[in-house]
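Note sheet for the following structure.
In what follows, every chain begins at residue 1, and chains take the letters A, B, ... in the order their sequences are listed.
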Amino acid sequence: MSFSICVAQCTDSLASTMDDQARIMQSIGGVSLAGHSVQGGMPLPPPHGHDGTDGDGRKQDIGDILHQIMTITDQSLDEAQAKKHGLNCHRMKPALFSVLCEIKEKTVLSIRGVQEEDPPDPQIMRLDNMLLAEGVSGPEKGGGSAAAAAAAAAAGGSPTDSSIEHSDYRAKLTQIRQIYHSELEKYEQACSEFTNHVMNLLREQSRTRPISPKEIERMVAIIHRKFSSIQMQLKQSTCEAVMILRSRFLDARRKRRNFNKQATEVLNEYFYSHLSNPYPSEEAKEELAKKCGITVSQVSNWFGNKRIRYKKNIGKFQEEANLYAVKTAVDAANVSAQASQANSPATPNSGGYPAPCYTPDGRL
DNA sequence: AACGATGATTGACT
DNA sequence: AGTCAATCATCGTT
């Protein structure tokens, strides 16, 4: 994605366009304007007649040519300027140029013009939308952290962990963002510089070559298209970078930690004391989440896993079930003793999940 | 390293 | 939307 490639591409197309123009000029033929050749080259040495089998002779020829070339600039700079001036001032020049422009318009340029006005590239639009959604383009700050925050919220886990990942993600995204913007700026600057340069060049040349303003416009459009294709590459690789970052971040979400002992205890207590209907309401989930220092969705996950695993192998959970049954019984007893009330706590177990076998001494 | 435990994800179902 | 069931990926223990 280098600038030099871009410039090379632009100059390529520019050069090819200029070749076309040169060809047109040639095909029009040696139009002579009051004795001045329109093709206006320097006087070339007359072709030598011999076949060049003689080595010394050839050297001599080359020497002659080189000498002539070296002297051309000395002898004819003023002369050339004078010729140019004469050409510019000739009364027939505007008419001739307009005819030539018209001919050019009708030939090569009109063919080129066909595929020029294409609507905004859907590929570019897709990339733009994606970059906007990921918070790479768009308003400064906020956008990126919003995406990161959403991902972090989904990540759950302990608050410190997720915040570390969060800031890491955000830092990387910011880095991508900075590179993207600085590159974009560079390209835009280069594009306008190059456009200006080409426009000046063409304007300058339009004094000696038939170049219509429309043609200059077209050339500018060609340059812009070249630069926007480079921009697309930039956008594409930025998107790729963000996707890689995201996938890494999402993978990081899977790096789970087991809940701490206290959290597991709280969850188990609720589960076994509601064994008949181990489906906490939204409010209950929120309270459990608060108590355990985890998110509501983690509570939901835990209950989902617990229900299915308990049901699958009740025998395996028997011991645990008894343990928590004792615990809740003791707690209830304490509570009732404190309240000085002899009401025995109702064990909520009527259907649904099978109750553990419980004996007062803790044995099955 | 192997293995069971465990939190998270996914797709189907109601 | 909530749940189930299967599965994945990692943790913690042996």
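When rounded to the nearest whole Å, the span between NZ of A/Lys312 and C1' of B/dA5 equals 13 Å. For A/Phe303 and B/dG7, the CZ to P distance is 12 Å, given to the nearest whole Å. Per the geometry, CG belonging to A/Leu288 stands 16 Å off C1' belonging to B/dG7, to the nearest Å. For A/Ile308 and B/dG7, the CD1 to C1' distance is 15 Å, given to the nearest whole Å. In this structure, A/Glu320 atom CD and B/dT6 atom C1' are separated by 12 Å, rounded to whole Å. Taking atom CD1 of A/Ile294 as the reference point, atom P of B/dT6 lies 14 Å away to the nearest angstrom. The interatomic distance linking A/Trp302 (CH2) with B/dA5 (P) rounds to 15 Å, in whole Å. Summarising the geometry, the separation between CZ on A/Arg257 and C1' on C/dT10 is reported as 9 Å, rounded to the nearest angstrom.
A/Asn268 and A/Lys306 share a donor-acceptor pair across their side chains, judged by distance under 3.5 Å alone.
Of the possible polar contacts, none joining the A/Ser228 side chain to the A/Gln231 backbone as a donor-acceptor pair under 3.5 Å is found.
Among the protein residues, A/Phe259 comes within range of the sugar-phosphate backbone only, with heavy atoms under 4.0 Å from sugar or phosphate atoms but none that close to a base.
Between A/Asn301 and the phosphate of B/dG7, there is no side-chain N or O to OP1/OP2 separation shorter than 4.0 Å. For B/dA8, one of the phosphate oxygens OP1 or OP2 lies less than 4.0 angstrom from a side-chain nitrogen or oxygen of A/Gln298. Side-chain N/O atoms of A/Lys311 include one lying less than 4.0 angstrom from OP1 or OP2 on C/dA5. A sub-4.0 Å separation between OP1 or OP2 of C/dG2 and a side-chain N or O of A/Lys285 is absent. One finds no side-chain N or O of A/Lys306 lying less than 4.0 angstrom from the OP1 or OP2 phosphate oxygen of B/dT6. Proximity of A/Arg309 to the phosphate of B/dA5: no side-chain N or O atom is located under 4.0 Å from OP1 or OP2.
To the nearest 0.5 Å, the span separating CD1 on A/Ile216 from CG on A/Leu202 amounts to 5.0 Å.
The shortest side-chain heavy-atom distance between A/Val299 and A/Phe303 falls under the 4.5 Å cut-off.
For A/Arg256 against B/dT6, a side-chain-to-base donor-acceptor contact under 3.5 Å is present. Donor-acceptor pairing under 3.5 Å, judged by distance alone, is absent between the side chain of A/Asn258 and the base of B/dA5.
Aromatic ring centroids of A/Phe271 and A/Tyr310 lie under 6.0 Å apart.
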